[in-house]
Amino acid sequence: LKALFNELEFRTLAKRVFNEPEDGQLTLFEEPAEEVEKAELRTIRNTQHEYLVADTSDKIKEVVEQLLQAQEFCFDTETTGTDANNCELVGLSFAVKPHHAWYIPCPPDYNQTLEILQILKPAFDNPGILKVGQNMKFDLTVLHYYDIHPAGPFFDTMLAHYVLEPEQRHNMDYLARVYLNYEPVSIESLIGQKGGRQGNMRDVELSLIKEYAAEDADITLQLKHKLSSLLPEAGAEKLFNEIEMPLMPVLTSMEIQGVKIDVENLQQFSRDLEKDLFSIENEIYQLAGERFNIASPRQLGIILFEKLKIDDKPKLTATKQYATGEDVLEKLSGRHPIVEKILDYRELMKLKSTYVDTLPQMINPRTGRIHTSYNQAVTSTGRLSSTNPNLQNIPVRTERGREIRKAFIPRNPDYILLAADYSQIELRIIAHLSGDQAMQDAFRFGFDIHAATAAKIFKVPIEEVTREQRRAAKSVNFGIVYGISAFGLSQNIGISKKEAQLIIDEYFRQYPGIKTYMEKSIATARERGYVETIMGRRRYLPDINSVNANMRGFAERNAINAPIQGSAADMIKIAMINIHRELRNRNLNSWMVLQVHDELVFDVKRTEMDVVKPLVKEMMTNALPLSIPVEVDINTGENWLEAH
DNA sequence: TTAATCAGCGCGTAC
DNA sequence: GTACGTGCTGATTAA
């Protein structure tokens, strides 16, 4: 089993950026500094507390009485693993006031645990009580399998901190150190270090697990009080209460539903890929004159650039290896027939190892479906992310890649998939935020925006735009969304930096409002230290005044990109909340199952399609009205590709 | 000494 | 611009 603390450990090391302006407290997370700080942190050993075990039905009833009298209670689940859709409940902890908490152990016998939870149910069901927790999606999912479906309102400390400090980390241990100067009992002290044969919560002695679990509920409740007082001054209350908190149970539902996969189809595809890979592999060995590991960039680089010498001044990577990325190989594809074979090999290998062979292994034995995990507190812009597996990067671009989308199917023959996606949402948001007349007109007239842009920057009538011109214009529009640099654009469409700059200059002449808006975004970041989305989601940009031009440039592109990408995220989140509410209020048997940034996928009961399709379209279109039209493309199909 | 594990990196997928 | 996963590789840790 993996360490349970992974449940809350979301950020990669590389993502840690510590630029806390106010008090500098947050700089204590470099490992050595952490050791120094440890001495000053309070712990369970030097902090007064009363943590009680409730292990009889009478004692549990007493707990419920206390919960029902409270305005809010905090709860936490202890489980046998980190996969909420496939683990067992080991115990629950509750807190209603600081330094006091109860722990209720749950036996391995499912029915006995069900009985315990039935006693607790009135507290969970009561909509007059605020339920507090840390990463509550996990707990709600676990409880779902025990027939407990807690009613809101909710307060998730992880999400509260996410709206306050989106770039920081949000796990409980971190929050406890920063906001309470407290270091909680580590999970490792209970179940051992991560790497080796880590133990199981089920096997931890009651007295130990009680202290750990009760402390979690206690600390989380204390954090709630700190964080809730910080929300108003950060202008984050509305975002928290009207978007992130209501979205949390929606994501819980989506994860629980999961999506069905056509395993036979994938297995056949895997055999096809294997055959093709085998022959490509042998062709490569023939052309190279020797066998080597094609999947090793290092070995491949040596073959291409030292043995075959297909380039006399090969590009190098950060670590001085030969660069063999797709863009590099693409440029060399005329030099030697091996290059195209390598590109083919790469594509097929990627599909096979990342998707075709992996997805079937991710099927949950309990449900027979795939349950991704949406992370609601990881991106600095407000987007969601998806892991285990990541269902937000399923291929769509290439012919063979699209085969994988065909394997996403409805749950049973009574169902059909519905996919709805926003058309050009980020460009529309720029048009809205900037007020640029020309771009607004293009959307109001319903033009193909890339063709319209091409017509403008190449000064030709829109009907005479060539495919090449449209392609270039599309890249420029993409670049605009990302906070364009001449370098980035030149890389993208394979022209010189100078030519790219000319195109950008012309773009800004044609869309002057866009240029002004970008300058304004950067100015705002300089003045206030942050930029924000339509819903007031902030992104702090401490590097905006950096003396380092690279860092400053990066911050400036973020100042442009964050409100755009983030406002699109706000919009689809609002749509998701509204759609989910309507589907459930009407007791429909159709379900939202996937979100891919600008797209929602539903598993729809065929008999309900007449209701669901217009509902989805309406709710997405009007989630966050803009000064220009919002368009939603919507389709149905027997698989995700067909519906797309 | 050897085997297992970890972490960083190159790469490639999505929007 | 925002993410996540896989495989390779060299370094570190455990047996």
Side-chain angles (χ1 to χ4, degrees), chain A residues 10-15 166-167 193-198 292-301 315-330 342-343 345-359 361-362 372-375 377-398 400-402 404-405 421-427 430 477-485 488-489 492 518 521 539 541 553-566 568-569 572 594-600 640 644:
Chain A
F10 290 126
R11 302 241 169 192
T12 65
L13 267 171
K15 263 225 77 184
E167 313 238 25
Q193 293 275 314
K194 190 151 73 165
R197 274 161 291 289
Q198 191 178 43
F292 65 101
N293 186 350
I294 307 166
S296 161
R298 189 166 159 269
Q299 294 181 40
L300 176 64
K315 197 178 143 193
L316 300 178
T317 66
T319 52
K320 311 292 176 214
Q321 283 187 41
Y322 297 114
T324 67
E326 190 183 0
D327 52 335
V328 176
L329 296 190
E330 208 70 67
I342 302 280
L343 288 167
Y345 179 89
R346 285 255 177 90
E347 183 192 347
L348 270 42
M349 196 64 185
K350 175 79 176 180
L351 295 179
K352 188 167 187 292
S353 66
T354 305
Y355 306 102
V356 181
D357 290 346
T358 311
L359 288 173
Q361 294 175 23
M362 305 295 285
T372 186
S373 177
Y374 288 105
N375 201 323
V378 78
T379 73
S380 35
T381 56
R383 274 190 177 180
L384 301 175
S385 74
S386 158
T387 58
N388 297 313
N390 180 356
L391 296 186
Q392 292 182 322
N393 72 346
I394 301 301
V396 71
R397 200 168 35 93
T398 67
R400 308 192 79 152
R402 285 194 280 274
I404 294 159
R405 293 217 168 198
D421 66 290
Y422 284 113
S423 160
Q424 300 299 339
I425 192 59
E426 291 180 332
L427 275 179
I430 298 181
N477 278 330
F478 259 101
I480 292 297
V481 169
Y482 298 153
I484 201 161
S485 70
L489 181 64
N492 235 318
M518 290 182 163
S521 292
R539 176 156 187 189
L541 297 164
F554 189 65
E556 287 172 355
R557 288 191 289 281
N558 280 326
I560 294 164
N561 172 260
I564 297 163
Q565 199 179 104
I572 197 166
L594 297 174
Q595 190 256 38
V596 192
H597 310 306
D598 65 353
E599 174 184 12
L600 297 175
W640 192 3
H644 201 272

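Below, read A as the first sequence line, B as the second, and so on, with proteins coming before strands; counting in each chain starts at 1.
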* Do the side-chain N or O atoms of A:Ser296 get closer than 4.0 angstrom to the phosphate oxygens (OP1, OP2) of C:dT9? -> yes
* A:Val596 near the nucleic acid: base, sugar-phosphate alone, or nothing, with a heavy-atom cut-off under 4.0 Å? -> sugar-phosphate
* Base, sugar-phosphate, or nothing: which does A:Gly483 touch, judged by heavy atoms less than 4.0 Å apart? -> nothing
* A:Ile404 and A:Leu359, any side-chain heavy atoms less than 4.5 Å apart -> yes
* Asked: Between C:dT2, B:dC15, C:dA3, which nucleotide has the shortest distance from any of its atoms to the side chain of A:Asn558?
  -> C:dT2
* Structure fact -> Residues at least two apart in sequence or cross-chain that pass side-chain hydrogen bond (donor to acceptor under 3.5 Å, both in side chains) with A:Thr354, listed by chain then number, are none
* **Given B:dC15, C:dA3, B:dG10, the nucleotide with the shortest approach to the side chain of A:Ser385** => C:dA3
* To do: Give one of base, sugar-phosphate or nothing for A:Ala318, where a contact means two heavy atoms less than 4.0 Å apart.
  => sugar-phosphate
* Asked: Does C:dT9 have OP1 or OP2 sitting under 4.0 Å from an N or O in the side chain of A:Gln299?
  -> yes
* Structure fact -> Residue set satisfying side-chain hydrogen bond (donor to acceptor under 3.5 Å, both in side chains) with A:Thr324, at least two apart, ordered chain then number -> A:Arg346
* Structure fact -> The nucleotide from B:dG10, B:dT13, B:dC15 with an atom nearest the side chain of A:Pro395 is B:dT13
* Does A:Asn375 have a side-chain nitrogen or oxygen under 4.0 Å from the phosphate oxygens OP1 or OP2 of C:dC4? -> no
* **DNA chain C contacts among residues 349-357 of chain A, heavy-atom distance under 4.0 Å** => A:Lys350, A:Ser353, A:Thr354
* **A:Asn393 CG to B:dC11 C1', straight-line distance once rounded to whole Å** => 13 Å
* Could you work out which one of C:dT2, C:dG1, C:dC4 sits closest to the side chain of A:Asn390? => C:dC4
* What is the nucleic acid contact for A:Phe478, judged by heavy atoms within less than 4.0 Å: base, sugar-phosphate only, or nothing? -> nothing
* Asked: Which whole-number value in Å describes the distance from A:Leu348 CG to C:dT6 P?
  -> 18 Å
* Check salt bridge (charged side-chain N to carboxylate O under 4.0 Å, His left out) between A:Glu556 and all other residues, then give those that pass, not counting sequence neighbours. => A:Arg526
* To do: May I ask you to evaluate whether A:Asn388 reaches the phosphate of C:dC4, defined as a side-chain N or O under 4.0 Å from OP1 or OP2?
  => no
* Base, sugar-phosphate alone, or nothing: which one does A:Ala568 contact when heavy atoms must sit under 4.0 Å apart? -> nothing
* To do: Using atom NZ of A:Lys320 as one end and atom C1' of C:dT9 as the other, report the distance to the nearest whole Å.
  => 18 Å
* **B:dC11 phosphate, OP1 or OP2, under 4.0 Å from A:Thr324 side-chain N/O** => yes
* With A:Lys350 via side-chain hydrogen bond (donor to acceptor under 3.5 Å, both in side chains) - residues at least two apart -> none
* Structure fact -> By ring pair (Phe, Tyr, Trp, His ring centres under 6.0 Å), A:Phe554 pairs with (sequence neighbours left out) none
* Asked: Distance check: side-chain N/O of A:Arg298 vs OP1/OP2 of C:dG10, anything under 4.0 Å?
  -> yes
* Would you please confirm or rule out a distance under 4.0 Å between OP1 or OP2 of C:dA3 and any side-chain N or O of A:Thr379? => no
* Name the closest nucleotide to the A:Arg346 side chain, picking from B:dC11, C:dG1, C:dT9. => B:dC11
* Does B:dA14 have OP1 or OP2 sitting under 4.0 Å from an N or O in the side chain of A:Arg383? -> no
* Asked: For A:Leu316 and B:dG10, what is the distance between atoms CG and C1' respectively, to the nearest whole Å?
  -> 13 Å
* Does A:Asn375 reach the side chain of A:Asn388, with side-chain heavy atoms less than 4.5 Å apart? -> no
* C:dA3 P sits how many Å from A:Leu594 CG, rounded? -> 20 Å
* To do: Using a heavy-atom cut-off of under 4.0 Å over every strand shown, decide if A:Asn561 touches base, sugar-phosphate, or nothing.
  => sugar-phosphate
* Asked: Are any of A:Ser380's side-chain N or O atoms less than 4.0 Å away from OP1 or OP2 of C:dA3?
  -> yes
* Asked: Touch check for A:Glu326, heavy atoms < 4.0 angstrom, all strands: base, sugar-phosphate only, or nothing?
  -> sugar-phosphate
* To do: Figure out the NE2/C1' separation between A:His597 and B:dT13, and round it to whole Å.
  => 11 Å
